[in-house]
Amino acid sequence: MEEADIQLWQGPDENIAHVPFFAERYSEGEMIKRSQMFYELLNKRRSVRFLSDEPVPREVIDNVIRTAGTSPSGAHTEPWTFVVVQDPYLKHKIREIVEEEEEINYKKRMGDRWVNDLKRLRTNWIKEYLDTAPYLILIFKQVYGWLPNGKKKTHYYNEISVSIACGILLAALQVW
């Protein structure tokens, strides 16, 4: 490598231990059974505009976030931040912000066709469930991070990496 390339290197310390990959092997019948069970589990998932107010152990929330954190990311930069909100006041302030933005979406950004397609789902910009859910999980995309020397570290494919992490989070939430 040339000296200029070394200065641009944004990787982690070279002393990080390699974690070998190991995948358990299953018989063809077991693979079919397991894949069918996983499909049936996730096929029960629905996008809903209401959430239960029943308490959920915080450890469950922590585990599903840890699961989402196993998502692949460009150069393993993990460009996401998960924030759990339980405080009723903060949840309500978040609801106000979300509803304000959603109202603008419905009235100005989405267009008539999109809004019309949503009518059959009986949804709008009012998000009462943001107040009643025991927890809100906010997910923030990090476009860049910081190196120990204070310089910016690029997070490659941050948008798609965060999207995949969100999908894994939804799948993990479906399990419990």
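Just so we're clear, the structure is a prediction, and the values are computed from it rather than from any experiment.
Residues Glu96 and Glu101 fail the side-chain proximity criterion, which asks for heavy atoms closer than 4.5 Å. Two residues are said to be in side-chain contact when any heavy atoms from C-beta on lie closer than 4.5 Å; Thr67 and Leu169 fail this criterion. Contact of the Val56 side chain with the Ile61 side chain is registered, since non-hydrogen atoms from C-beta on lie closer than 4.5 Å. Side chains of Arg113 and Leu118 form no contact here, defined as non-hydrogen atoms less than 4.5 Å apart.
For residues 101-127, the pairs satisfying ring pair (Phe, Tyr, Trp, His ring centres under 6.0 Å) are Tyr106-Trp125, with sequence neighbours left out. For residues 53-80, every residue pair satisfying the salt bridge (charged side-chain N to carboxylate O under 4.0 Å, His left out) rule, not counting sequence neighbours, is listed here: Arg58-Asp62. Residue pairs satisfying the salt bridge (charged side-chain N to carboxylate O under 4.0 Å, His left out) criterion with at least one member in residues 135-146, sequence neighbours excluded, are listed as follows: Lys141-Glu159.
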Show me the side-chain donor-acceptor pairs of residues 23-32 shorter than 3.5 Å, one per line, residues at least two apart or across chains.
| residue | atom | partner | partner atom | Å |
| --- | --- | --- | --- | --- |
| Tyr26 | OH | Arg34 | NH2 | 3.2 |
| Ser27 | OG | Glu30 | N | 3.1 |

Cut-off 3.5 Å, no hydrogens considered: what does the side-chain donor-acceptor table look like for residues 80-89, sequence neighbours left out?
| residue | atom | partner | partner atom | Å |
| --- | --- | --- | --- | --- |
| Thr81 | OG1 | Gln142 | NE2 | 2.5 |
| Asp87 | OD2 | Tyr89 | N | 3.2 |
| Asp87 | OD2 | Leu90 | N | 2.9 |

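Judged purely by atom type and a 3.5 angstrom limit, Lys91 has no side-chain atom pairing as donor or acceptor with the backbone of Leu136.
Applying the ring-ring contact (aromatic ring centres under 6.0 Å, His included) rule to Tyr144 yields the partners Trp146; only residues at least two apart in sequence or on another chain are considered. Looking at residues two or more places apart in sequence or on another chain, you find a salt bridge (Lys or Arg N to Asp or Glu O under 4.0 Å) between Glu103 and Lys107. Scanning for salt bridge (Lys or Arg N to Asp or Glu O under 4.0 Å) contacts around Lys127 gives Glu102, with sequence neighbours left out. Taking the salt bridge (Lys or Arg N to Asp or Glu O under 4.0 Å) definition, one finds that Lys44 meets it with nothing, sequence neighbours left out. Applying the side-chain contact (heavy atoms from CB on, under 4.5 Å) criterion to Asn149, with sequence neighbours excluded, gives Leu147, Lys151. For Glu40, the side-chain contact (heavy atoms from CB on, under 4.5 Å) partners at least two apart in sequence or on another chain are Gln36.
Interatomic distance, Ser163 OG to Ile168 CD1, rounded to the nearest 0.5 Å: 11.5 Å. Going from atom OH of Tyr129 over to atom CG of Asp131 covers 11.0 Å, rounded to the nearest 0.5 Å. From Leu173, atom CG reaches atom CD1 of Ile137 across 5.0 Å, with rounding to the nearest 0.5 Å. Rounding to the nearest 0.5 Å places CD of Glu99 at 7.0 Å from CG of Leu130. The OG atom of Ser47 sits 9.0 Å away from the CG atom of Leu121 when rounded to the nearest 0.5 Å.
For the residue pair Cys166 and Ile139, the shortest heavy atom distance occurs at SG-CD1, 3.6 Å. Heavy atoms only, all atoms of each residue included: Val162 and Pro79 are closest at CG2-O, 3.2 Å.
Cluster partners of Val175 are Leu41, counting Ile, Leu, Val, Met, Phe, Trp and Tyr whose side-chain heavy atoms approach within less than 4.5 Å, directly or via other members.
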Practice prompt. Applying side chain to side chain contact (heavy atoms under 4.5 Å, CB included), run through Val143 and His155 and close with a yes or a no.
Written response: CA-CA 6 Å; Val143 178; His155 285 173; over 6 Å; no
